[in-house]
Every structure is written in structure tokens, then in C-alpha cells.
Amino acid sequence: MTRLAAVGGLLLGGAMVTQAAMASETPSAPARPLVATGDTGAALVARLGTARTAGDWIGADGRTVVAVTDEATAREVRRAGAEAKVVPHSMNELKSATATLRSAPRVPGTAWAVDYRTNRVVVRADRTVSAGDWSRLTRVATGIGGFVHMERTQGTFTTRLNGAQPILSTGGRCSAGFNVTDGQSDFILTAGHCGPAGSTWFADNQGGRQLGRTVNSSFPGSDFSLVQYAGGTAGAGADVVAIGGGKGVRITGVADPAVGQRVFRSGSTSGLRDGQVTALNATVNYPEGTVTGLIETTVCAEPGDSGGPLFAEGIALGVTSGGNGDCTAGGTTFFQPVTKALTALGVRLIVSARNAAGAPGGTPSPAPSASAVQGAMAPSAASPGSSAPVTGAPQGSTALARLTDTRNVGPGLLVIAGSLIALVATRYIRAEQDRKAYQRYYSATWG
């Protein structure tokens, strides 16, 4: 039995070594439904024009879907490898409707966005909107056409003042978004409503650890700001956003999201949450003013989450602006697109060193498009991105830990070595037993 156990150990150890060696190789890309050609939904819409199309999104199966106004355009979309959906209203009509809504008297507590999948403009009003204002806005919508859908929502549309680490000032608590640089100094990209230029931010409630000062802010209209680090640099882990529990997600690039894409948000109040992009270029009439060009999502958020990062697959997408509801009942949350903020501020994202082009501060490689990031996979298959310590520093490990790590060949070699020793010992013991038995037998017959 001992010999059989030793032989079994040799076989097991060999299998462990083989498995570890295979695991150390670069894994092949996971199976995913791919679009047949290089044309993404956004590229198709740009090529075909907004008079013949009405947006694009990621379907439940991960394929790109493009809304078109006629069958001839639908055939072009199918030839390009995407799915086509014929709809009655073009993007030009839908944009004209939102322009009419913007020109109407402003009503705080309302929001609207183009719903590509239903080919409608959806107008929402929270509980603060009076019956009179609701009636007047409904008359405006009726005058536009039946494709403008009106609905009431629970809660109120508010900014989330009060990436995700907390940053505090006299105005309240927000969340850090992404670290950015202009090549000379490093900054935190966060929400504009968190505080005007000149606001001082701290990393603790007592005000003992000054974090930095807001040097540029845009709100309303847009919703982004720059907080310059007091020490000038972001330090270790600048390419990581916190998601709680001492863990973080490494940021490797920046892009615009796609409708239907699964996304993740992290904030200092409610931690890591996920949801789906439901609309782009959304407009929200906060009590403080109107913000346009936002990303609309089903991700929940709560006060204090403002400015926190929106991302997917390690790609930076947005910073938290506001919304309604909470993380118990759910709700709608809007985000300022990172791409627009970076362009307006003249800064660039600090990304993982292995994704940087080598310039100081980390110049990102060309940003992948939203379709390149997730357009070729089912929305449910998305993940936040590669994990990393919040500090960004590599975690050390002892030689023993590396040797016993099941992902390495060490454990297999240990099993093989132990089995060989057991085999040798077994042979020795058996030989010694045989020798003694031989001696006992013949000693009885001697003399």
C-alpha cells in the first residue's frame, strides 16, 4: 500500500507540474461572439449618417445593434456584420426633439435622454416637479410628437455631494475620480459640483491631511473639476481606483461607453456597484443648474459618491454627477464622460505603466473605443478590470509562499520529491524485512 501511495504521489505531482506550466502561459482569449467586420456601431452610424440611423447599442448577446430608418440602410448594416433594427424616427428627429425641450422654460427636477432601443425621447420628472410645471412640459412634448415619452420617477434628481477614496472640504464629502496629469503636476479628476475653484480638500475629517485644492471647475453645463495635489504628484498607485476592502482596479485606458454596456462605479459612500448604460448625451435639470452630455445608467449612487469613477474592463468612462434613488431601492445615475473632461481641461489620464507610452506621468496608449472595449461581448460578461492593491505597490511574497502557491510548479515538485523519498524508503524497508526474515529462517536450520 505504501508503494502504491508513493506511485500515486508521483502521478499527482507530475499532473500538478503540468497544470502549473500550462497556467503560466499566456491564456488564450475567452470565447465571445465577435462582430464579423471591423466596423463598430459608432463607426457605422458615423459613416451612414444621422438622417438614416438613430443610434447603436450592445444587444443582450453582445452583438452591435444599429437603428436605421429604411431597409436599404439595414442591408448595409448587416453586410458590415452588425444587427439592424428598422425604426420610424432618425437621430436628426430625436435631436430636434431634445433641442425643443432645452429651449422650453427650465424645470428643475427633470431630465431627458434619447432611448436608442425604443426610438423615443424619454422625459422624466421627479417628485419636486409641480403639477403645473408637469402639465406645461407635457404640452411641449405633445407638440413635438408621440415619440416623446413622459414619466414620473421616485425620489429627486440631485447631485451626490456630501474613486473612490473620500475627499472632504467645508462644502461636504465627495469621492476621488481618476488621477490625471498635465505633464508637470498631477490632479484628481472629480465632479464640478463638488466645489468651485479655490476649494481646499482634505483626506480626513479633522482637516489634518490636506489633499489639494480645486484649480479648475465646470458646473453647471458640464460637471467636472481638477483638484491639484498639494505635493504635486499622485504618488504610488496613481493608476488604481479603490473598490473597497483594500482592493482596487487598475486603469489602463479611457473611452466613451456604449448603450447596453455593463459598467461599474465606485464611491466613498456605497462602494462598488454595477449596472448598465441606458442612454448617452442625457440632460439633467438639477436644482443648481442644467448639465448636458451625460451618461445615463442604472447604477445606483448615494450622497458622497459624487465624483467617483465609472469604468469597465479597466477603462475609464466617467465621473459620478448625480441622479435619483439609492442603493436600497435602486435608481438612475448620471456621469460626466471622462473623454470630454480630459479634452476640456487639457490633461491626460494616468494609466498603468505597462499601458503607458513612456512619458513621465504615464501617457496612455491610444484609447480603445467603447465597442472595442465591450462591444464584442455580452454585457453580463463584463468585469471591472484587473485587480490591484489600492496603493498600487506590488505585494511581496516569501520564497516559501511562492513555492507552495498552487499556481506555481513548486507544490508539484514537492509532491514528486516526497513520493521519490517514499519509494526509496519503501524499497529499503522491504529489503531489510526480507533480509531479517531470511536470517530468521536459516538461523533455525543452522547447527
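The structure presented is a predicted model; accordingly, all values stated were derived computationally and were not measured.
- Residues T320 and A301 come closest through the heavy atom pair CG2-CB, 4.4 Å.
- Residue-environment remark: CZ (R106) exceeds the threshold of 12 foreign heavy atoms within 6.0 Å.
- Within the structure, every pair that satisfies the disulfide (SG to SG under 2.5 Å) test and touches residues 296-326, not counting sequence neighbours, is listed here: C300-C327.
- Donor-acceptor pairing under 3.5 Å is lacking for the side chains of S321 and Q336.
- Between W201 and S199 the shortest side-chain heavy-atom distance falls below 4.5 Å.
- With a 4.5 Å cut-off on side-chain heavy atoms, V249 and P384 count as touching.
- Here the side chains of N285 and W112 are in contact, with some heavy-atom distance below 4.5 Å.
- Put simply, the residue from E296, Q276, R117 that forms a side-chain contact (heavy atoms from CB on, under 4.5 Å) with V259 is R117.
- Not one N or O on the side chain of T333 forms a donor-acceptor pair closer than 3.5 Å with the backbone of G323.
- The neighbour count for K340 NZ, taken as heavy atoms of other residues, nucleotides or ligands under 6.0 Å away, is above 12.
- Remark: the backbone N or O of S383 is paired with a side-chain donor or acceptor of E313 at under 3.5 angstrom.
- For the 3.5 Å distance criterion, the side chains of R173 and T269 qualify, holding a donor opposite an acceptor.
- For the residue pair Y229 / N179, a side-chain donor-acceptor distance below 3.5 Å is found, with atom types taken as modelled.
- Not one N or O on the side chain of N281 forms a donor-acceptor pair closer than 3.5 Å with the backbone of G293.
- At a cut-off of 3.5 Å, with distance as the only test, a side-chain donor of T339 or D256 sits close to an acceptor on the other residue.
- Taking CG of L189 as the reference point, atom OG1 of T181 lies at 12.5 Å (rounded to 0.5 Å).
- Counting only heavy atoms from C-beta outward, the side chains of T298 and T332 never approach each other to under 4.5 Å.
- Salt bridge present: D239 and R250 bring a charged side-chain N and a carboxylate O closer than 4.0 Å.
- Within the 4.5 Å cutoff, no side-chain heavy atoms of D70 are placed close to those of V86.
- S225 contributes a side-chain N or O that, together with a main-chain N or O of A191, makes up a donor-acceptor pair within less than 3.5 Å.
- S90 and N92 are not linked by any side-chain donor-acceptor pair at a separation below 3.5 angstrom, with hydrogens and angles left out of the test.
- Each of V227, V319, L226, D223 was compared with T190 under the side-chain contact (heavy atoms from CB on, under 4.5 Å) criterion, and only V227 meets it.
- With contacts defined as side-chain heavy-atom distances shorter than 4.5 Å, the pair V277/I295 qualifies.
- Contact between A111 and F334 at its shortest, heavy atoms only, is CB-CZ, 4.1 Å.
- To the nearest 0.5 Å, atom CZ of residue R63 and atom CD of residue E83 are 6.0 Å apart.
- Between D126 and T153 the shortest heavy-atom distance is CA-OG1, 3.6 Å.
- Atom-to-atom distance recorded for T297:OG1 and F264:CZ is 12.5 Å, nearest 0.5 angstrom.
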Please tabulate, for side-chain N and O atoms in residues 138-145, each donor-acceptor pair with protein atoms closer than 3.5 Å (sequence neighbours left out).
residue: T138; atom: OG1; partner: W134; partner atom: O; Å: 2.7
residue: R139; atom: NH1; partner: S135; partner atom: OG; Å: 3.2
residue: T142; atom: OG1; partner: T138; partner atom: O; Å: 2.9

Determine, step by step, whether F335 and L294 satisfy the side chain to side chain contact (heavy atoms under 4.5 Å, CB included) criterion, reporting the C-alpha distance in whole Å, the side-chain angles of both residues, the deciding distance to 0.1 Å, and the verdict.
CA-CA 5 Å; F335 297 84; L294 298 175; over 6 Å; no

Could you walk me through whether D186 and T233 satisfy the side-chain hydrogen bond (donor to acceptor under 3.5 Å, both in side chains) test, starting with their C-alpha distance in whole Å, then the side-chain angles of each, then the deciding distance to 0.1 Å, before giving a yes or no?
CA-CA 5 Å; D186 294 347; T233 60; 5.1 Å; no

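- Contact between G109 and F157 at its shortest, heavy atoms only, is O-CD1, 3.3 Å.
- Contact annotation: the side chain of V338 never approaches that of L317 to less than 4.5 Å [non-hydrogen atoms, C-beta and beyond].
- Side-chain contact, N324 with T156: no donor N or O sits under 3.5 Å from an acceptor N or O.
- What you find for G253 and V351 is that their closest heavy atoms are N-CG1, 3.8 Å.
- Between T214 and G195, the closest heavy-atom pair is CG2-O, 3.9 Å.
- With hydrogens and angles disregarded, a donor-acceptor distance shorter than 3.5 Å links the side chain of R152 to the backbone of V129.
- Of the residues listed (T118, D115, L94), the one engaging F147 in a side-chain contact (heavy atoms from CB on, under 4.5 Å) is L94, and it is the only one.
- The structure places CD of E76 at 5.5 Å from CG of L48, a figure rounded to the nearest 0.5 Å.
- Annotation: E151, atom CD; neighbour count of heavy atoms from other residues, nucleotides and ligands within 6.0 Å is above 12.
- A salt bridge links R265 with D305: the closest approach of a Lys/Arg side-chain nitrogen to an acidic carboxylate oxygen falls below 4.0 angstrom.
- A donor-acceptor distance shorter than 3.5 angstrom exists from the side chain of Y286 to the backbone of G322, with no hydrogens or angles considered.
- Residue pairs that meet the disulfide (SG to SG under 2.5 Å) test with at least one member in residues 209-248, sequence neighbours left out, do not exist here.
- We find the NE2-CZ distance between H193 and F224 to be 13.5 Å, quoted to the nearest 0.5 Å.
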Determine, stepwise, if the pair W57 / K85 fulfils side chain to side chain contact (heavy atoms under 4.5 Å, CB included).
CA-CA 11 Å; W57 63 94; K85 179 181 179 180; 4.0 Å; yes

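- In this structure, the side chains of S266 and V241 stay at 4.5 Å or more apart for every pair of heavy atoms.
- Judged by distance alone, the side chains of S268 and S175 do bring a donor and an acceptor atom under 3.5 Å apart.
- Distance check, rounded to the nearest 0.5 Å: CD of E288 to OG1 of T158 gives 8.0 Å.
- Between F311 and F178, the angle of the ring planes goes over 60°, which puts this pair in the perpendicular group of the 30/60° scheme.
- Donor-acceptor pairing under 3.5 Å is lacking for the side chains of S270 and E302.
- In Q154, the CD atom is not crowded: 12 or fewer heavy atoms of neighbouring residues, nucleotides or ligands sit closer than 6.0 Å.
- With respect to the salt-bridge test (charged N to carboxylate O, under 4.0 angstrom), the residues D274 and R262 qualify.
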